[in-house]
Structures are given as structure tokens and as C-alpha cells.
2 protein chains.
Amino acid sequence: MRNEEYSGWEDVRAEALRRIQSRAWAPGALIPSEEEFARELSCARTTVNRALRSLAEEGLLIRKRRAGTRVAELPQRAAKLNISLVAEEIRARGASPSHLCILQDSRPLPSHIAAAMSLPVAAPLIYVETLHLADARPFAFETRFINPQSVPAAREADFASVSANEWLLRHAPFNHGTLDYSARPAEAEAAEALGCAPQTPTLVLDRVTHGPEAAITWVRMAYAPDYHLTMKL
Amino acid sequence: MRNEEYSGWEDVRAEALRRIQSRAWAPGALIPSEEEFARELSCARTTVNRALRSLAEEGLLIRKRRAGTRVAELPQRAAKLNISLVAEEIRARGASPSHLCILQDSRPLPSHIAAAMSLPVAAPLIYVETLHLADARPFAFETRFINPQSVPAAREADFASVSANEWLLRHAPFNHGTLDYSARPAEAEAAEALGCAPQTPTLVLDRVTHGPEAAITWVRMAYAPDYHLTMKL
DNA sequence: CAGTGGTCTAGACCACGGG
DNA sequence: CCGTGGTCTAGACCACTGG
């Protein structure tokens, strides 16, 4: 059995990973410098850099200039959550998505939501209620406020054909936002829409998205009682 | 006002981002090739590559060989979730973490958990119940099964001083795992530990982590009713 | 101050896959 | 086929920071 060849950065990465997982590089220990490691594997330092950077991004290595690279003592890996589009989420579950725009009007902002959006309570916002369906069965009940100052075109939008969710994603790209999941008893309106008893525990997502200047939208999604939010680690 | 200088890949990235957000590069449209863009900004193609790759990883660009790079029509950004250590999560909330190991024994695996862990029901597993506290107030109630086949040292471990959570992270680095959040009525035991009424809606996390060979642990965290899982987008 | 990671460059080869 | 992105290389300079 001869030595393996390490040509690509993915091979270098795999080799480093192997040494970490086999404890050949102990947690907290200093590993060889990029130059050394490159010499050992007969490749360019750039290639090693790419590999180690990749492992560092995943939290398995801690890199510091001058101090060198160490194996993380408590390797913490992050799960990625990708649920910008409800319809996509439903499709990913093998069901056919659809939605009902229950109502769409304009109304003043409740004070606790105004705080979350960093907006004054004064000006009325667009308000939309939507029921999302998976294979014609209730999936989630959505309550949404839209700031027309950030998205003037929203005033003329019709959310019956394209959901507010998708419409906003297309017309108002956001800079940053906040997600907030909690467990809450279903409110009367949500319970009716979802077809469950009031007070049934439901998973609730509150999301605020901000544009370059001000908040774009606040949305609360109350998911059906059997909903599970799953992610890979 | 003279032209800006684009030396680093972060500057190139910023410029590309500006063009995307300003719609100078429309959604779905083809953007200049790396070579073109590099010429325009007077930098190496490698630098442009680094910048565009970064934007592609965030889902703002779609890159294909030969077909070129396009602006994503539905820019979907992923939120990162980092909750491998309960104690860290509590600390991040500005509270002081502690825990009580309520019980630790060995018992057969309930069939639905065995399925989740891809293990036979036969052999008994280590079972641990832990209450996590934030500033001495109940934070989460943890129920856990540990597979001694994957982590033999766990048989002699004492989870009173170091939580099972942290002990496993140190002694049994995992390859991959699954997270599953749902809203559930508090079970009797959890309700008592958390100091809330039974049936109160609680956020529940079921997590399975796997080692290179077999499952390492299954854990259910029932969070206190006022718990919010927050993430940035 | 000096070693380490971070990055840029110019050039090269290759894999993929659209036309 | 052949343009595009993906990557490797060798060399260089720089930024940071520990000793």
C-alpha cells in the first residue's frame, strides 16, 4: 500500500479532518503551519490554506495569525436553516403548495410589533392574512404587516395569486432580518384557520426583515400542530 | 469624486453586492465573466473568483460552468443555528448556566427512539435526565439516551459535574446529526421540573447525533414556556 | 521582532456542460 | 467544440500578534 496522492484542497481537507477525528491532532493542540503541512503533502501553501480555512469556517479549527492553528476543543457545528419561501418548504416535504389570501387591508401597527420593526406606531401599514396549504390541508397561518415606505409597490400588489411571501422576496430584497421561534397556544383565529382546537400548542415563527433603510415586513407564521422544523447538522 | 480602488476580494464582493441590490445586475440576468469583471476592476481573476464564490455560497448568485454566473431570482439566505452547548446558549443570554443531573441509569430503548437512532431495541442504553438552569431558574429539561457502543467511556462518566451535553461534545465528536423542533404540551415530568402547568405549550428539540459508525445519542430538550429560539438572517 | 495566517498576482490546466 | 468557472502553483507582500 503506497502513499496516497494529495492533489486537491478537498483531499488536504479530508486528510486534516482524518487527523482531527482520529485524535492524531488532539483537541486544543497546535497543528503544523501551512508551510509545513504543504511541504508534507507536496502541494502549494495556497491549497493548504483553502483546506484549513474550510475547516475553520465549520468551527473545527481555530486560526490565529502568529499563534498558528489549533484544533477546537469544543467542535461546534452550525445547522443551516433555509425557509425563506413557505411554498418551497412545502414542496420539499413532497406536498403541493397553495395559499388563500384571507384578507388584505391597511391598519395601524400594534405597539409591540412597532417596537420589533423599529417603526413609529403612527402610519398605518398594509396588513395581510394568508393561509398556506400543503396538498389542500392547512399548513400554516400567516399574519403580516408590510411597510409601504420601504416597498411602495406593495400598495397595488394582489397577494391572491402570488403569496405576499414570494412577492416580497422578488420585489424587496432584504439586507438582514431576525427569526424568533416559540411555542404558543393557538389563538382563536389561527386555530380556526388551521382546523385545530384553540389553545393547541403550535410552533410560531416571528420574522422581521429589514431593507437598507427601514423595516420591510413583520410576519408571524403559526404552523399546524403536527409541524416539525427539521434541520441537518 | 474619483474612482474607488478595488484591491481586496472584499471590495470586489462589496461592489458586486452593490450592483445586485441596486438592480444594476437584474435578477436572473447574466453578469460579466470572471475575466471581464477582473479586467474592469483591474485585479486578478482569482480575486474576483473569491468574491463571487462568496456571494454564491450565500445564495445571491448562481454559478455554472460554461453558462456563466447569474443573479439568483429568489435570493434565499440561510440562517445559522449554533446551539451545540446549552450552557453557551444560556451564557449568550447573559445568564449564568448550571445544571442538575436528576437521574442516570440504564434502560431499554423505546421503539420510536430506536427508530430515530437506527438502533435495535435490544441492548439497553444509558439514560440521563438533566435540568438546565439559567441564573438558578429552570431553562430546559433534558432527556437523553446514550449508545455505549459508540462511547464506551460514557459508562463510567459522571454527569453531575460536567453535563452530558458537554461531556459528549468533548469525548465523542460526531459526524452528522438531525435537529427536530416542535411545539408540544409539557409532559408531567417536564412540567414539574420546569415549574409550569402540565400541558403548557413548550418548544421541544429532538436531536440525534451520529458518529462514524453508529448513533451516539438521542436527546430531547423541553424548553421553559418563555423560551424563544432566535437567529439572525 | 519575527513567525503565522491572509491575501494578491499571473499563468496554467482542467472539468463541465451549453450551443 | 470551446467558453466559463474551479482549481493549483510559485512567489510575493502584508497584517496581526505572541514572545
Side-chain angles (χ1 to χ4, degrees), chain A residues 3-20 24-73 75-76, chain B residues 3-20 24-73 75-76:
Chain A
N3 278 341
E4 293 156 17
E5 292 286 325
Y6 300 103
S7 38
W9 69 270
E10 289 185 291
D11 297 321
V12 175
R13 189 201 129 96
E15 172 61 15
L17 187 56
R18 197 189 61 72
R19 298 193 187 186
I20 293 169
W25 289 345
L30 208 56
I31 76 170
S33 73
E34 294 188 347
E35 199 185 351
E36 269 183 86
F37 201 34
R39 237 183 296 120
E40 184 189 340
L41 301 187
S42 308
C43 67
R45 183 168 79 90
T46 316
T47 307
V48 171
N49 180 285
R50 181 88 148 86
L52 298 187
R53 194 204 323 147
S54 156
L55 290 170
E57 278 168 3
E58 289 179 31
L60 277 75
L61 293 176
I62 314 285
R63 319 195 73 194
K64 281 183 197 162
R65 286 169 155 133
R66 167 73 193 185
T69 301
R70 289 177 181 282
V71 179
E73 306 225 17
Q76 49 182 349
Chain B
N3 279 341
E4 293 156 17
E5 291 286 325
Y6 300 103
S7 37
W9 69 271
E10 290 185 294
D11 297 320
V12 174
R13 188 200 130 98
E15 172 61 14
L17 187 56
R18 197 188 61 73
R19 296 193 188 186
I20 293 170
W25 289 345
L30 208 56
I31 77 171
S33 75
E34 293 187 347
E35 199 185 352
E36 269 183 86
F37 201 35
R39 237 182 295 121
E40 183 189 341
L41 302 185
S42 308
C43 68
R45 183 168 77 93
T46 315
T47 307
V48 170
N49 181 285
R50 181 87 150 86
L52 298 188
R53 194 203 323 145
S54 156
L55 290 171
E57 278 168 4
E58 290 178 31
L60 277 75
L61 293 177
I62 314 286
R63 320 195 73 194
K64 281 184 197 161
R65 288 170 151 133
R66 168 74 193 183
T69 301
R70 291 177 180 280
V71 178
E73 306 224 18
Q76 51 181 348

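Labels below follow one simple rule: chain letters A, B, ... track the order of the sequence lines, proteins then strands, and each chain is numbered from 1. Heavy-atom basis, side chains included; hydrogens, waters and symmetry copies ignored.
- Side-chain contact between B/Ser54 and B/Glu58 is present, with at least one heavy-atom pair separated by less than 4.5 Å.
- For A/Arg65, counting side-chain heavy atoms from C-beta on, the closest listed nucleotide (C/dG6, D/dG5, C/dT9) is C/dG6.
- A straight line from CD1 of B/Ile62 to P of D/dG5 spans 14 Å, rounded to a whole angstrom.
- Among all heavy-atom pairs drawn from B/Leu52 and B/Ala16, the shortest one is CD2-CB, 4.2 Å.
- Atom-to-atom, CG of B/Asp11 to C1' of C/dC8 comes out at 12 Å; the value is rounded to the nearest Å.
- Ion pairing between a basic and an acidic side chain is recognised when a charged N comes within 4.0 Å of a carboxylate O; B/Arg13 and B/Glu10 show no such pairing.
- Using a 4.0 Å heavy-atom distance criterion, B/Arg50 is classed as a sugar-phosphate-only contact.
- Atom P of nucleotide D/dG6 and atom CG of B/Leu61 are separated by 11 Å, given to the nearest angstrom.
- B/Arg63 and B/Glu34 are joined by a salt bridge, as a carboxylate oxygen and a charged side-chain nitrogen come within less than 4.0 angstrom of each other.
- Looking only at side-chain heavy atoms (C-beta outward), B/Leu55 and B/Thr69 stay at 4.5 Å or farther from each other.
- Phosphate proximity of D/dG6 to B/Asn49: present, with a side-chain N or O under 4.0 Å from OP1 or OP2.
- Spacing between atom CD of B/Glu35 and atom C1' of D/dT4 amounts to 10 Å, rounded to whole angstrom units.
- Comparing B/Arg53 and B/Glu36 against DNA chain D, the residue whose closest nucleotide sits nearer the 5' end is B/Glu36.
- No hydrogens or angles were tested; on distance alone, nothing pairs the side chain of A/Arg45 with the base of C/dT4 as donor and acceptor under 3.5 Å.
- The nearest heavy atom of DNA chain D to A/Arg66 and to B/Ala67 marks one nucleotide each, and the one closer to the 5' end goes with B/Ala67.
- Applying the 4.0 Å criterion to OP1 and OP2 of D/dT7, one finds that A/Thr47 has every side-chain N and O outside that range.
- Counting to the nearest Å, the C1' atom of D/dT7 and the CD atom of A/Glu10 are 10 Å from each other.
- When distances are taken from the side chain of B/Ala44 to each of D/dT9, C/dG5, C/dA10, the shortest belongs to C/dA10.
- The side chain of A/Ser33 contributes no N or O atom lying less than 4.0 Å from OP1 or OP2 of C/dG3.
- Here the C1' atom of nucleotide D/dG6 and the CG atom of B/Leu55 are 17 Å apart, to the nearest Å.
- In this structure, CH2 of B/Trp9 is placed 17 Å from C1' of D/dT7, rounded to the nearest angstrom.
- In this structure, A/Thr46 reaches the bases: a heavy-atom distance under 4.0 Å links it to at least one base atom across the strands shown.
- In this structure, B/Glu34 atom CD and C/dC8 atom P are separated by 14 Å, rounded to whole Å.
- Using a 4.0 Å heavy-atom cutoff across all strands shown, A/Arg63 reaches sugar-phosphate atoms only and no base atom.
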